[in-house]
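Below: one structure, written as structure tokens.
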Amino acid sequence: MVQLHKNLDRLHNLDMNVDTYIISKDTVEEQKILYDEINRVFGESLPIISDPNLEVIDKMGMKNGDVAYRGYGMLDSEGNVIFQTKNDHWGEEIDQTLNDIEEQYENFTEK
């Protein structure tokens with residue numbers, strides 16, 4: 001999440017009209033602590049969705065036992081999965097990650 005928040009300006013600058021969230025198994029209370037710390041360090045944090053039962057994470061194909069894979073993905077306005085990518089290094093590979101997100105979004109909007 002550090003790499004993501006270091007590059008939020010680049011994410012915001014992608015030519016997409018989408019809402020961006022972090023989805024986590026953590027409780028709301030745990031997420032509040034994390035959100036506040038990210039906000040303190042970076043001056044901004046993406047909203048965090050609590051998914052303690054891994055329902056959204058499972059729907060996205062990102063469930064790994066009782067935890068979530070690290071990665072990213074996109075849902076349409078109806079909640080259908082557009083794509084998902086499991087990648088432990090997406091933050092270190094932020095250029096590739098942002099290119100992939102933008103490409104997937106363009107492919108979806110062309111349909």
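- Taking 4.5 Å as the limit, every side-chain heavy atom of Ile38 sits out of range of all side-chain heavy atoms of Asp36.
- Taking 4.5 Å as the limit, some side-chain heavy atom of Gln104 sits within range of a side-chain heavy atom of Asp100.
- Of the inter-residue distances, the one linking Glu102 atom CD with Met16 atom CE reads 7.0 Å to the nearest 0.5 angstrom.
- Taking all atoms of both residues into account, the shortest heavy-atom contact from Asp26 to Gln31 is O-NE2, 3.2 Å.
- At a threshold of 4.5 Å between non-hydrogen side-chain atoms, the residues Asn107 and Phe83 do not count as touching.
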I'd like a table of donor-acceptor pairs (distance under 3.5 Å, sequence neighbours excluded) in which one partner is a side-chain atom from residues 57-65, with atom names and distances.
residue: Lys59; atom: NZ; partner: Gly79; partner atom: O; Å: 3.0

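- Leu4 and Val41 fall within a single hydrophobic cluster, where Ile, Leu, Val, Met, Phe, Trp and Tyr are joined by side-chain heavy atoms under 4.5 Å apart, directly or via other members.
- Within the 4.5 Å cutoff, the side chain of Leu34 has heavy atoms near those of the Ile48 side chain.
- Under the 4.5 Å side-chain heavy-atom criterion for ILVMFWY residues, a single connected hydrophobic cluster contains both Tyr21 and Leu54.
- Rounded to the nearest 0.5 angstrom, Leu8 CG and Gln3 CD are separated by 11.5 Å.
- Summarising the geometry, atom CG belonging to Asn7 is positioned 9.5 Å from atom CZ belonging to Phe42; distances are rounded to the nearest 0.5 Å.
- Applying the side-chain hydrogen bond (donor to acceptor under 3.5 Å, both in side chains) test to pairs two or more places apart or on separate chains, those with a residue in residues 88-97 are Arg10-Asp95, Asn87-Glu93, His89-Glu92.
- More than 12 non-hydrogen atoms from other residues, nucleotides or ligands lie less than 6.0 angstrom from CG of Asn13.
- Salt bridge Glu29/Lys32: absent, no basic N to carboxylate O contact under 4.0 Å.
- With values rounded to the nearest 0.5 angstrom, Ile23 atom CD1 is found 15.0 Å from Tyr72 atom OH.
- Residue Phe108 is grouped with residue Val18 when hydrophobic side chains (ILVMFWY) are merged at heavy-atom distances under 4.5 angstrom, including chains of intermediate members.
- To the nearest 0.5 Å, the span separating CG on Leu98 from CG on Leu14 amounts to 5.5 Å.
- Counting heavy-atom neighbours within 6.0 Å of Asp76 CG, excluding the residue itself, gives a total above 12.
- Taking every heavy atom of both residues into account, Leu75 and Ile82 meet most closely at C-CG1, 3.9 Å.
- Between Ile22 and Ile49 the shortest side-chain heavy-atom distance does not fall below 4.5 Å.
- Expressed to the nearest 0.5 Å, how far CG of Leu46 lies from NE2 of His5 amounts to 4.0 Å.
- A donor-acceptor pair under 3.5 Å is absent between the side-chain atoms of Asp51 and the main chain of Lys25, judged by distance alone.
- No chain of hydrophobic side-chain contacts below 4.5 Å, direct or via other Ile, Leu, Val, Met, Phe, Trp or Tyr residues, connects Met74 to Tyr69.
- Taking every heavy atom of both residues into account, Tyr105 and Asn17 meet most closely at OH-N, 3.5 Å.
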